Amino acid sequence: MIKAKFWGTRGSIATPGKKTARYGGNTSCVEVRADGQLFVFDAGTGIRELGLRLEKEFRSKPLTVHIFISHTHWDHIQGFPFFLPAYEDKNQIFVYGPAGRDKSLDEILRIQMDSDYFPVELGDMKARISVKEIHDRFTIGGMTVEPFYLNHPAMTFGYRLSNRKQTVIYATDNEPYRYSLHQRPNVAVEKSDYPDYLDQKFVDFLSQADLLIGEAQYTLKEYESKKGWGHSPIESMVEFAWRARVKQLVLFHHDPLHDDKTVDRMVKHAQRLARARGGNMKCIGAYEGMEIVVGKSGKK
Ligand SMILES: [Zn+2]
Ligand SMILES: [Zn+2]
């Protein structure tokens, strides 16, 4: 059984306020419990609330957390300095992610907490914090974690987390290669199959997931003026998830300009697209506080 809980569902920048209260204004953070372990995908502002919750749950007991950073854009790391379990010496925190283009992951996380930006430095946090750049599939207890490079203007990983029976995929901040071509017209490439080959690799990575937390930041119309920004229109996310025979797609990383009503419309549109393709893929919008259980008694 794998349980996922959403603490931050917004992309780009935190967007508090009445108009975004239902889907939530905190940036990317998803907690996953599996195999008796605690995994966290991204440390956007949502991780602050998760930290408070963990403090209540674990109190004086030691806590081990495995945090997977998709990439180091602010909306995916900005909550880390506010993650309370990192301030207690009883805790062990592993932070995994891709190396940056010209800086290490460790360096980037330290720079974010430089005294010009934040009053406490990373090295002054009391927990044992271990930052590891990863490249290939590895295991943590009974779970396998497989990183996969996404198409985004930063080194960005999607993650495939599996036990022997279930698979959850976290894949946010990704642009389909075929769509993004029009940003940089290149006739030779456009005529080739290469973009389709790369998109197919992504579909293969998603293959048969029980739960896919996938980015769908834009409507197709919005996407027209945002090609090359590294995000997906709903159409491609639904298409890829459907081709991969994903069982449940959760639309994630809502645009800061999208209020709750807009996200409602986008989710309905995605559901229509999924139905039109046939099959049983479930499709919902991620909201703060949402919990999904994969396996055992099914999904709730
Ligand atoms: Zn993002
Ligand atoms: Zn990004």
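The structure presented is a predicted model; accordingly, all values stated were derived computationally and were not measured. Both counts, for ligands and for their atoms, begin at 1 and track the order of listing.
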The N/O/S atom of His73 lying closest to the Zn ion (ligand 2) is ND1

With a 6.0 Å cut-off on the ring centroids, do Phe157 and Tyr170 count as close?
no

Have a look at Asp173 and say which of its N, O or S atoms is nearest the Zn ion (ligand 1).
OD2

Find the distance between CZ (Phe94) and CD1 (Ile67) and round it off to the nearest 0.5 Å.
11.0 Å

Under 2.8 Å from the Zn ion (ligand 1), can any N, O or S atom of His231 be found?
no

Of all the N, O or S atoms in Asp75, which has the shortest distance to the Zn ion (ligand 1)?
OD2

Salt bridge check, Glu55 against Arg53: does any charged N sit closer than 4.0 Å to a carboxylate O?
no

Any N/O/S of His76 under 2.8 Å from the Zn ion (ligand 2)?
no

Please give the atom name: the N, O or S atom of His152 nearest to the Zn ion (ligand 2).
NE2

Main chain of Thr27, side chain of Asp75: is a donor-acceptor contact present, judged purely on distance under 3.5 Å?
no

Can you confirm whether the side chains of Gln217 and His253 place a donor and an acceptor under 3.5 Å from each other?
yes

